[in-house]
Every structure is written in structure tokens, then in C-alpha cells.
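So that the names make sense, note that chain A is the first sequence line, chain B the second, and so on, each numbered from 1. These numbers were taken from a predicted model, which means no experiment stands behind them.
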2 protein chains.
Amino acid sequence: MKISEDKSITHKSNYHHGDLRQSLLDATRLMIREGGVEAVSLRKLADRVGVSRTAAYHYFKDKNILLCTLAEEGFYLWQNKIENISLGDDYKNLLPAARYRAFIYWYLTYAMENSEYYDLMFGRAIWKQKTATDSLKKIAYEVFQKHVEMTKICQQEGILPIAEDSLRLAQVSWGTLHGLARLLIDGIYTEGNHLDDMCDCAANILMQNGKIK
Amino acid sequence: MKISEDKSITHKSNYHHGDLRQSLLDATRLMIREGGVEAVSLRKLADRVGVSRTAAYHYFKDKNILLCTLAEEGFYLWQNKIENISLGDDYKNLLPAARYRAFIYWYLTYAMENSEYYDLMFGRAIWKQKTATDSLKKIAYEVFQKHVEMTKICQQEGILPIAEDSLRLAQVSWGTLHGLARLLIDGIYTEGNHLDDMCDCAANILMQNGKIK
DNA sequence: CAACCAATCTTGACAGTGTCAAATTCTGTT
DNA sequence: AACAGAATTTGACACTGTCAAGATTGGTTG
């Protein structure tokens, strides 16, 4: 009795929330940040946004679709980041090698500062099986293509070995970035780490210690 | 009525299962392989082993403990693998560079062939938060220490750059392996891949194309 | 042999979870 | 003012992890 009365009172004003869709996405991000992807519960999510259990189903067919949508957001954010960075004069005026090092730095920084996105973008849960949305696959593919192009340019600039196949080189370099990101995010074997030193080391290795020209 | 009768009949003979503990671990492995870590359900697990819902709780305090135990198994298996490999004459007689390449090959092969272990060993679910068992942390740490030692030796042998800090170099090289393993397991950006070529490329990059001596 | 003990396993129960179908409530248009 | 359709809620179901209490067993003792 009392409970149902309370609820109706509470919800009456929320019947049209305004921007529930985005609110749900934002709240999900928060939940992931607090307790990891596994801690996301549609019901707690609804509670947090001040809406009833199944309200989210009007905007997202599935829990999975919700997470895929969020992952997409993550890819777009990253896409914007690298676009902004590469347009900046600070970045443009750097020598190729320094630019490559900066890219590594931004990649790892993005992964750490937006770990809730990063986990969705490359967490197994979404990629394995056929759970990934088509639009998610598309943007992810685009982002990787950009990385391949960048790799090619670096090869032509002489900071990456020209002998290697571009695609494979892109896979290896991206693998390195991804592996380091995971190490940093999960805190495995990385106690007392200095991000800068790790970037230096990774850049040195990938660029062959600058011994190629 | 019928149901409860059936159940009592079914279970009566299973009251002492024999090696329930290991059966549970094995069945869990299978479930992970089939549907990923997320598809592991203690109840389905119990069904599969032919035992009642909560039987597992006698051997594992938690679902989490079960998964941690399995992850440990994975580390021990890997430890054995590298021990066997490094004792073999085939391996011993290789030149340092070829040995390093072989190590990469075995790492990626292990990850792909035992992806259910690998996901547990380095999947976020276990490492994030304080869910990891002490014994799991211990064996994981040991395994990484071994990698650091190997890195040092490689530096002394001249196939890895001596100028870099060993720990950081170990992090980067391990990051590369881990990143590639994830790419291969999840099938991201790796359609039509030849494992051998990827190993070659990774080895070339990490070893500076053999230009150091 | 009987009786007991401790290990092993089961049943019952509860709070959470994702999701569907059917109501309910609201907003804008005619 | 009435209605259409969008937005949200309630009810319901099957499934999950886990706890507490009970049932079953094999091995050990008297």
C-alpha cells in the first residue's frame, strides 16, 4: 500500500524523463567505472536514473545492445581525440619519431582515463560470440584501418621498418598498445609504474631504437 | 511429486561422486570454451556433472574461488609447458634469436589452444577489484618473474636492447604477446591470419630486426 | 556387528537478475 | 475534447548465486 503509493508519487513526475536514453548510457558508464562491466545491472541502473525496471527497453532492445552502444560511444570519442590531437600545432610540429611516441602516450592515457569505455571496446564479452552490433563492428573496423594507414605513413617516414607487411606491423604495434593498456588498467605487474617510461620503452622498441632510416 | 521422486532416484547413486572437485573444474573449462566465462552457471554446471545445485560449495566457497582455482590451473599448465619446451633438445640447440621466436610461437599457441584458461588467467574479471586469490596472485607473479629473467638473459645474449630497463622491457614484450593473444583469441582484425607470419613480425620488431649485437 | 562421526551431497528458501506481455500515463495533433 | 501513439510502469516468469538446515554415505571405533 504505502510502497505502491510512494512509487506512484515518485514516478508520476518522471514519466517523461527528457533524455532518458543518454542518462542511461551515462549512468551505465558510471556503474562500469565503479564496479566493472560485470556490475552493470539494468535494475540498479533504473534505480539510479530514477525510473522503473524496464524503462530502458524502450531505447535498447537488450542489455547487450546497451553495452554495444556504449562501446560505440567509446570508439567515437577516441576517434575525436586522435583527430583533435593530430590537428593541433603542438603535434604537427613534432618530428615523426616524437609524434609516434606522443601517439603511444595518448593511446595509453585514453585507455586509463576512460577504462570503462576501453573495457567495452575491447573486452571479450562484446567481441566473442556474435554479440557485437553491426554498427559497432563498422566503427571499430574504421578505427583500426586508421591505425594501418598511420603505420604505412610511419614506414614511409622511416621510423618503422619498411620491410614488414603493413597490416601485420599494424597488428603487432596495436597489440603492444593493447597489451600495455590492459596491464595498466588491470594493474598487473605494473606497481609503481611511470607511464612516461613505459611509453619511452614501447616507442624505442617499436621504432627500432631509431636505428632505421 | 514425480519430479522430486525422479531427482531422489537420480541423485541417490551420486551421493559420493568420487572426484567431484576435478569434475567441476573440468566441466567449467568446457562451459567457458563453449560460451565464454559469462556462460558459466553453477546450476548448469551441477546439472552437467550430475549433481545438485549447491554441491560445488563443498569444494569452492564461491563462484569466484572456482574461477580463480581454474586460473591457477592455467598458470601451472603454462609453467609446465615452458619448462618442457626449454628442456627439449630441439629448443636448446636453437640460436638465441630462433629460441626467442619459438617462445613467441608457443605463447600464442598456448593462448589460442587453451583460450578458456587464458581468459581466466588474464581476463579482467579476476584481476580487477580484490577478487583474486592470494595463491593465484602468487603463481601469476612467479610466471611473470620468469619472463623478466628471460628478458634479462636475452639482453645479455644481445638479441634484446641492453640499454632498456629489464623490467620495463619485460612489460613491453609481454604486453605485445598479450595483445596479440587477445587479438587472435577474440578474432579482432585478424581474419585470414597466418600465425607464423605474425610470430615472425613480432619477433623481428621486439628483437630490433637483429640489428643489435 | 552396531553405533557413531565426519565428510559429502541435497532440499528449501531468498534476494537478484534479464526480459516479455499487458496495462498505465503522458504529449501532441486533429 | 478526443484520440493516437509514444513513454513508462506493473506483473510475471525463468534463471542466477548463496545460505542454512537436513539427508545420505563410508570409515572408524567400541
Margin query: Check this for me: does the side-chain of Arg53(A) come within 3.5 Å of the base of dG18(C) through a donor and an acceptor?
Written below: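 Side chain to base: no pair below 3.5 Å.
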Check: Could a donor-acceptor pair under 3.5 angstrom be found where the side chain of Thr54(B) meets the base of dT11(C)?
Finding: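 Looking at the base of dT11(C), it does pair with a donor or acceptor on the side chain of Thr54(B) (distance under 3.5 Å).
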Atom [atom1] of [X] and atom [atom2] of [N]: how far apart are they, to the nearest Å?
{"X": "Asn64(A)", "N": "dT17(C)", "atom1": "CG", "atom2": "C1'", "result": "16 Å"}
{"X": "Phe60(A)", "N": "dT19(C)", "atom1": "CZ", "atom2": "P", "result": "13 Å"}
{"X": "Lys44(B)", "N": "dA14(D)", "atom1": "NZ", "atom2": "P", "result": "15 Å"}
{"X": "Leu42(A)", "N": "dC20(C)", "atom1": "CG", "atom2": "P", "result": "11 Å"}
{"X": "Asp47(A)", "N": "dG18(C)", "atom1": "CG", "atom2": "P", "result": "12 Å"}
{"X": "Leu20(B)", "N": "dA7(C)", "atom1": "CG", "atom2": "P", "result": "16 Å"}
{"X": "Met31(A)", "N": "dG16(C)", "atom1": "CE", "atom2": "C1'", "result": "12 Å"}
{"X": "Leu66(B)", "N": "dT18(D)", "atom1": "CG", "atom2": "C1'", "result": "14 Å"}

Notebook entry, point to check: Is the number of heavy atoms from other residues, nucleotides or ligands under 6.0 Å of Lys137(B) NZ greater than 12?
Noted result: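 It does: Lys137(B) NZ has more than 12 such atoms within range.
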Check: Parallel under 30°, tilted from 30 to 60°, perpendicular over 60°: which one fits the rings of Phe103(B) and Tyr107(B)?
Finding: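 Aromatic pair Phe103(B)/Tyr107(B) classed tilted.
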Next item on the list: Take the angle between the ring planes of His178(A) and Trp174(A) and call it parallel below 30°, perpendicular above 60°, tilted in between.
Entry: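 Rings of His178(A) and Trp174(A): parallel, as their planes differ by under 30°.
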Would you please confirm or rule out a distance under 4.0 Å between OP1 or OP2 of [N] and any side-chain N or O of [X]?
{"X": "Lys61(B)", "N": "dT18(D)", "result": "no"}
{"X": "His58(B)", "N": "dC9(C)", "result": "no"}
{"X": "Tyr57(B)", "N": "dC9(C)", "result": "no"}
{"X": "Lys63(A)", "N": "dT17(C)", "result": "no"}

Margin query: Using a 4.0 Å heavy-atom cut-off, does Tyr59(B) contact any base of the nucleic acid, only the sugar-phosphate backbone, or nothing at all?
Written below: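 If one applies the 4.0 Å heavy-atom cut-off, Tyr59(B) turns out to touch the sugar-phosphate alone, with no base involved.
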Margin query: Which residues pass the ring pair (Phe, Tyr, Trp, His ring centres under 6.0 Å) test with Tyr110(A), not counting sequence neighbours?
Written below: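 Residues passing ring pair (Phe, Tyr, Trp, His ring centres under 6.0 Å) with Tyr110(A): Trp78(A).
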Notebook entry, point to check: Toward the 5' end of DNA chain D, which comes first, Ala55(A) or Arg43(A), by nearest nucleotide?
Noted result: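 Its nucleotide being nearer the 5' end, the pick is Ala55(A).
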Item checked: Which residue lies more 5' along DNA chain C, comparing Ala56(B) with Ser41(A) via nearest heavy atoms ->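 In this pair, the answer is Ala56(B).
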Next item on the list: Mind jotting down which residue pairs meet the salt bridge (Lys or Arg N to Asp or Glu O under 4.0 Å) criterion with at least one end in residues 99-114 of chain B? Sequence neighbours excluded, please.
Entry: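 Salt bridge (Lys or Arg N to Asp or Glu O under 4.0 Å) check on residues 99-114 of chain B returns Arg99(B)-Glu157(B), Arg101(B)-Asp196(B), Arg101(B)-Asp200(B).
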Notebook entry, point to check: When you measure from the side chain of Val51(B), which nucleotide among dT10(C), dG18(C), dT19(C) comes out closest?
Noted result: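 Between dT10(C), dG18(C), dT19(C), the one nearest the side chain of Val51(B) would be dT10(C).
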